[in-house]
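Report on the following structure.
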Amino acid sequence: PVVLVGKAITFDAGGYSIKPTESMVGMKYDKSGAMTVLATLRAAAPYQAQRRIDNSDRRMQIRRADLMRKVRYQKTSSLLVFLLDLSWSMAVQQRVKATRGAILSLLTDAYQHRDRVALITFQKDRARLALPPTGSIMLAERTLRKVRVGGKTPLSAGLLKAHEVLARDRRFYPDSSALLIVLTDGDGNVSIGDAPPLEESKAIAERIAADRFRSIVIDMDPNAFAEGLANTLAKQLRAPYYQLAGLDADQLTRIIRREI
């Protein structure tokens, strides 16, 4: 006789999970080859008459070839991590408005593609995860509209926070793709350690690139030139470089979608 035993056996009843995300990620891979009873019974049913030796024995006759397992397919979403410079160097009202407009356009596009978004801001002497990864465009828009500019530019703190968010997401969602979108003029002037600001940000940017996280740098300085600080940052991240001054929101959205 064939006996189906184990936690991975399922009747495909469906339902809602109340487990935290961390537990579900491991469970997904643990049960990816689960035996499914109903499909196994359907596979065996047409052969019951020829398999029975004793017609009085009504037990289901199951062979190894009848065993069916559940194959799970899941459309992986992408994570867009916006790293936004809110320092005084970004404080010109027109540039701030252009930045917000571009991000809001990208958020709308991300929602349509069921992507998740996160927002990290940096200013003064620290970086802050203003919005943890979420699929809610309303929450993202509300968070973005609350940001205020001011202070110095702790670029290295922002990059370090971005690396933490990307690494955590990779652990929880190994099949998901992620893209870091850095919006800055690249003029870092505050360190989180003893090294000079630009030397420190260079080391962290190179670590992000070495860990094979994909990035894109959007230069928010309308007077930027080819060898400016943001372009230097892009090279350290091994990332494409664009100037917002030459792009409208739709063009920027197409660029990001191409990079995902």
Side-chain angles (χ1 to χ4, degrees), residues 1-81 106-119 129 131-140 162-181 208 210-215 253-254 256-260:
V2 176
V3 181
L4 306 180
V5 179
K7 70 173 183 177
I9 295 173
T10 173
F11 282 92
D12 296 332
Y16 293 97
S17 170
I18 60 174
K19 289 191 176 184
T21 300
E22 294 87 347
S23 301
M24 289 305 298
V25 172
M27 184 177 177
K28 178 182 70 173
Y29 290 98
D30 184 41
K31 298 181 71 174
S32 60
M35 189 70 66
T36 172
V37 175
L38 294 181
T40 297
L41 295 179
R42 282 196 297 267
Y47 307 102
Q48 294 308 296
Q50 64 191 66
R51 288 177 181 175
R52 287 198 182 98
I53 299 176
D54 182 358
N55 288 333
S56 63
D57 183 0
R58 309 307 297 174
R59 290 177 298 180
M60 178 72 76
Q61 304 296 312
I62 298 177
R63 302 291 184 265
R64 182 176 296 275
D66 302 327
L67 301 180
M68 306 295 288
R69 67 184 181 89
K70 188 176 184 66
V71 179
R72 299 173 186 268
Y73 294 95
Q74 182 178 11
K75 182 182 181 298
T76 58
S77 65
S78 298
L79 172 64
L80 305 182
V81 179
L106 291 171
L107 288 173
T108 302
D109 182 75
Y111 174 77
Q112 293 171 348
H113 288 83
R114 298 298 184 263
D115 294 330
R116 293 169 297 126
V117 297
L119 175 63
L129 180 58
L131 180 69
T134 179
S136 171
I137 186 174
M138 293 181 62
L139 183 59
H163 184 268
E164 292 172 359
V165 171
L166 290 167
R168 186 185 308 119
D169 193 76
R170 177 179 284 177
R171 288 196 302 271
F172 290 157
Y173 303 98
D175 292 336
S176 178
S177 61
L179 180 67
L180 173 62
I181 305 165
I208 292 173
D211 287 344
R212 306 181 74 83
F213 291 116
R214 294 182 302 118
S215 308
T253 299
R254 287 195 294 272
I256 299 300
R257 185 51 51 190
R258 186 169 65 241
E259 295 293 336
I260 296 176

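Bear in mind that the values here come from a model prediction, so they are computed numbers and not experimental data.
- Rounding to the nearest 0.5 angstrom, the gap separating the CD atom in Gln48 from the CG atom in Leu41 is 9.0 Å.
- The backbone N or O of Arg59 lies less than 3.5 Å from a partner atom in the side chain of Gln61, making a donor-acceptor pair.
- The shortest heavy-atom contact between Pro132 and Ala118 is C-CB, 4.2 Å.
- For the atom pair CE of Met60 and CZ of Arg52, the computed distance is 7.5 Å after rounding to the nearest 0.5 Å.
- Counting all heavy atoms, side chain and backbone alike, Leu180 lies closest to Ala162 at CD1-CB, 3.8 Å.
- Residues passing the side chain to side chain contact (heavy atoms under 4.5 Å, CB included) test with Ala43, sequence neighbours excluded: Asp66, Met68.
- For Arg214, the side chain to side chain contact (heavy atoms under 4.5 Å, CB included) test picks out Ser177, Leu179, with sequence neighbours left out.
- In terms of heavy atoms, Leu79 sits closest to Ser176 at N-OG, 4.2 Å.
- Asp169 is listed as a side-chain neighbour of Arg116, based on a closest heavy-atom distance under 4.5 Å.
- Listed by chain and residue number, nothing satisfies the salt bridge (Lys or Arg N to Asp or Glu O under 4.0 Å) test with Arg170 (two or more places apart in sequence, or in another chain).
- Of the candidates Val81, Leu80, Leu139, Leu80 is the only one forming a side chain to side chain contact (heavy atoms under 4.5 Å, CB included) with Val117.
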